[in-house]
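Inspection log for the structure reproduced underneath, given as structure tokens.
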Amino acid sequence: MRYWLMKSEPADVSIDDLATFPEQSVAWYGVRNYQARNFMRDQMTIGDGVLFYHSNCKIPGIAGIARVASGAYPDAKQFEQSSKYFDAKATPEQPRWFNVDVQLVKKIALIPLSELRLHPELARMRTLQQGNRLSITPLDPDEWEFITARLVHA
DNA sequence: GCCAACGTTGGC
DNA sequence: GCCAACGTTGGC
């Protein structure tokens, strides 16, 4: 069992959008970074804990708890010529990009990035490191525990 | 909308 | 295989 923080732009898929989807689940399409891809393809398993993070928006922060709901499978968007995620070098026989399904567990009161920065317990979190841009980062179990037990107010 | 930080691309 | 140029991310 691993823990992850996954960034989504709410203008694209927000926590409220996720709640309206079938099974309250979404294919985590559009990851075009190899390190983030490898996390999904090689390390995620069904049931892993996910912090659903809103990025590139007015108040960035953790917006909900979710879970990994599938193994990795090829990202359909890499084959769609009209998609901004189209990749001409990818083929169904040799897919380059993968995603997992992410399912809502519960929406929470937003924990702003500015609050996360206040807690020394979270000082080592990847997402809080200067210059970090990875959209998927692993969380230490103690970071997960601290956030879900101490900072979450449903 | 600015811009720092970082990843990727491609010429050599 | 180096590295400059370019594109993207994402907080502010």
Side-chain angles (χ1 to χ4, degrees), chain A residues 2-21 25-44 48-68 72-140 142-144 146-148 150-153:
Chain A
R2 291 186 170 94
Y3 303 99
W4 308 93
L5 183 144
M6 299 176 77
K7 296 180 188 172
S8 181
E9 303 194 7
D12 188 7
V13 179
S14 73
I15 194 80
D16 290 325
D17 293 332
L18 183 59
T20 68
F21 292 162
S25 177
V26 66
W28 206 264
Y29 60 83
V31 169
R32 294 293 180 269
N33 170 284
Y34 288 105
Q35 215 181 334
R37 177 203 68 181
N38 293 347
F39 285 143
M40 289 195 285
R41 191 190 58 186
D42 305 334
Q43 295 193 30
M44 284 190 185
D48 280 2
V50 173
L51 299 178
F52 190 104
Y53 181 94
H54 280 176
S55 73
N56 200 17
C57 57
K58 205 147 206 168
I59 308 179
I62 298 167
I65 311 291
R67 63 188 285 273
V68 174
Y73 58 93
D75 181 339
K77 306 256 184 208
Q78 69 193 307
F79 309 125
E80 294 173 13
Q81 230 157 346
S82 61
S83 170
K84 71 183 232 189
Y85 299 115
F86 177 69
D87 185 337
K89 293 182 179 161
T91 66
E93 294 74 31
Q94 289 264 301
R96 180 182 289 195
W97 304 109
F98 292 82
N99 58 240
V100 299
D101 290 341
V102 173
Q103 182 175 41
L104 181 65
V105 173
K106 63 173 174 177
K107 181 183 174 177
I108 63 172
L110 186 82
I111 308 170
L113 174 60
S114 58
E115 182 184 343
L116 297 175
R117 290 196 190 285
L118 296 177
H119 297 286
E121 292 88 344
L122 303 178
R124 290 176 51 251
M125 256 179 76
R126 284 283 291 276
T127 306
L128 303 188
Q129 305 309 309
Q130 190 194 13
N132 174 76
R133 295 184 319 174
L134 257 194
S135 63
I136 299 176
T137 50
L139 286 169
D140 289 343
D142 54 348
E143 291 166 346
W144 169 269
F146 181 78
I147 292 169
T148 56
R150 303 272 308 278
L151 303 186
V152 167
H153 311 287

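For clarity, every value in this text was computed on a predicted model and none was experimentally measured.
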**Request:** Quick one, give me the B/S/- string for nucleotides 3-12 of chain C, reading 5' to 3', where B means a protein heavy atom under 4.0 Å from the base and S means that only happens at the primed atoms, P, OP1 or OP2.
**Result:** ----BBBBSS

**Message:** If you assign R96(A) and G131(A) each to the DNA chain B nucleotide with the nearest heavy atom, which residue ends up on the more 5' nucleotide?
**Reply:** G131(A)

**Message:** Suppose we screen for ring pair (Phe, Tyr, Trp, His ring centres under 6.0 Å). Which residues come up paired with Y3(A), at least two apart in sequence or across chains?
**Reply:** W144(A)

**Item:** Under the salt bridge (Lys or Arg N to Asp or Glu O under 4.0 Å) test, residues paired with D16(A) that sit two or more places apart
**Value:** K107(A)

**Asked** What residues form a salt bridge (Lys or Arg N to Asp or Glu O under 4.0 Å) with D87(A), not counting sequence neighbours?
**Response** R96(A)

**Request:** For Q130(A), report the nucleic acid contact type (base, sugar-phosphate, nothing); a contact means any heavy atom under 4.0 Å.
**Result:** sugar-phosphate

Scan the side chains in residues 118-126 of chain A for donor-acceptor partners under 3.5 Å anywhere in the protein, sequence neighbours excluded, and list what turns up.
none

**Request:** Sorted by first residue and then second, give each side-chain hydrogen bond (donor to acceptor under 3.5 Å, both in side chains) pair with at least one member in residues 50-62 of chain A; sequence neighbours left out.
**Result:** E9(A)-N56(A)

